[in-house]
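A quick note: this is a predicted structure, and the numbers were derived from the prediction, not measured.
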Amino acid sequence: MTTIEDLLRATLADTPVPAPTTDPVAALDGRIRRARRRVAMGAGVAAAVVAAAVVVPVSLLNAHRTQGLGVTHSPTPTTSPSTSAATPVVLMAHGAVWVSHGAAGTFVLDQHG
């Protein structure tokens with residue numbers, strides 16, 4: 001061996017090894033916690049998107065029921081007190097048949113052709 005190699009080995013043997021400044025287990029634990037938070041937040045966002053995908057069409061469906069179908073029509077005739085609530089009322093207007101059946105609402109039956 002040369003004197004340089006001897007000096008290098010002696011210096012390396014005398015130099016203390018620095019202790020690690022971070023705990024690898026704590027670093028791993030922090031990464032796992034962050035990953036779990038991301039998954040939980042992603043699941044919450046996904047649940048909100050699914051809820052909105054269900055609520056918005058249902059609310060639009062109810063809006064169509066309360067506003068009608070965008071067709072201006074004459075008022076439906078009222079039933080006489082002697083008829084029962086289950087008796088349908090039929091009205092022909094504007095090429096469509098309007099059928100009102102108690103609390104069920106107003107339905108439009110259109111004839112094609």
- Task: Give the C-alpha distance, both sets of side-chain angles, the deciding distance and a yes or no for side-chain contact (heavy atoms from CB on, under 4.5 Å) between Arg36 and Arg33.
- Result: CA-CA 5 Å; Arg36 284 182 181 162; Arg33 286 177 191 258; 5.7 Å; no
Exercise. Can you list the steps and then say if Leu8 with Glu5 is a side-chain contact (heavy atoms from CB on, under 4.5 Å)?
Worked result: CA-CA 5 Å; Leu8 180 62; Glu5 289 177 342; 5.7 Å; no
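Within a 6.0 Å sphere centred on CD1 of Ile32, heavy atoms belonging to other residues, nucleotides or ligands number more than 12.
The shortest heavy-atom contact between Pro57 and Ala52 is CD-O, 4.0 Å.
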